[in-house]
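Take a look at the structure below.
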Amino acid sequence: MRHYDAYSGEFGFSDETDGDGRFDRYSILLIAEVCQRYIETGLTVTPELKALLRKSADIALGIGNTAGEGFSFGRSIGAYGDTAILEILSVAAYLDVLSPEEKQYAFTYSTRIVARYADFWFNPAIHSVDMWGQGRRTDAYRGKHRILGENFSLLHQLLSTNAMWKKAGFGHKPPATDLQAWLDRTQPQFRLTWFARGEYDRALAIVRDGHRVFSLLLVNGGTGQHANSPYYPCRSPTALWPASPIAAIAIRSSFPSSRWPMAPS
């Protein structure tokens, strides 16, 4: 939290560096993980933490879609771009950071993410999550040599967020059937979220056009990452391509699911 105080300023998103402007998916997710640790250890989540979490929840809802796709920017994201939304929205619901109506549709969006993991990211042919085959790539950090760990990590996220939704009262509730209509009614067509202002401005722009959601990340990777394409100002439409793991852009396809809506058990 000292790092937040020093480098997040008035906007409340974590700079991965000491002020160089490296903001990405994890800058938005981190506060949810902090709140999760508070809950797990029996500590009281302070109003200040809840206020920061609300900022992240606004972004998560802002990129909501019926395909169950999450963040389309950041390095080494793969399936983690989707599961990050699960972490943010489940803890925000549990802590009553979301309104009752927002909880219902956040839960519905989350069930679509779970369905997408089962129908897109999991590859029955190899009995594993697949972030490396079928035209998909990650950078060296999340290479295929980590396949066992990535399966455990992602499954833990699915199970822990499912447990959080149950604690929030959604263990036996069905998802809503009108997610797209709710998103069209409540989410702005254009949202600009500031990460930092000063000599260099850092921000995230989100544009909604019906079922399509475009993200434009305007940041700096800082030393060691500034020349890598996840930090380029490249628009990232969900269902077309995410920010690439390295220099080349990887094309990602989405397939409709016969299992939607699918609520966590």
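- Contact check on Asp15 versus Arg22 returns no salt bridge, with no Lys/Arg side-chain nitrogen under 4.0 Å from an Asp/Glu carboxylate oxygen.
- Checked against Asp96 for a salt bridge (charged side-chain N to carboxylate O under 4.0 Å, His left out), the options Lys167, Lys103, Arg54 give a single hit: Lys103.
- In terms of heavy-atom proximity, Phe73 sits nearest to Asp24 at CE1-C, 4.0 Å.
- By the rule that hydrophobic residues join a cluster once side-chain heavy atoms approach within less than 4.5 Å of another member, Leu217 and Tyr200 end up as members of separate clusters.
- When all heavy atoms of Ile206 and Ser215 are compared, the pair lying nearest together is CG1-OG, 4.4 Å.
- A donor-acceptor pair is defined here as one N or O able to donate and one able to accept, closer than 3.5 Å; no such pair exists between the side chain of Asp178 and the backbone of Ala181.
- Checked against the 6.0 Å centroid threshold, Phe13 and Phe11 do not count as a close aromatic pair.
- Under a hydrophobic-cluster definition in which Ile, Leu, Val, Met, Phe, Trp and Tyr are linked whenever side-chain heavy atoms come within less than 4.5 Å, directly or via other members, Phe190 and Trp194 are assigned to the same cluster.
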Would you check, one step at a time, whether the test side chain to side chain donor-acceptor pair (under 3.5 Å) holds for Tyr105 with Thr186? CA-CA 11 Å; Tyr105 289 96; Thr186 62; over 6 Å; no

Side chain to side chain donor-acceptor pair (under 3.5 Å) for Gln187 and Trp182? Distances and angles first, verdict last. CA-CA 8 Å; Gln187 301 306 307; Trp182 184 82; over 6 Å; no

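- For the pair Asp130 (side chain) and Phe122 (backbone), a donor-acceptor distance under 3.5 Å is absent.
- In this pair, Phe23 and Phe195 present their aromatic rings parallel. The plane angle is below 30°, not in the 30 to 60° band.
- Looking at Asp82, its side chain never comes within 3.5 Å of a backbone N or O of Phe71 through a donor-acceptor pair.
- Panel note: side chain Ser56, backbone Ile28; a donor-acceptor pair is recorded below 3.5 Å.
- Looking only at distances, no side-chain donor or acceptor of Thr108 sits under 3.5 Å from a matching main-chain atom of Pro175.
- Between the side chain of Glu102 and the backbone N or O of Ser99 there is at least one donor-acceptor pair closer than 3.5 Å.
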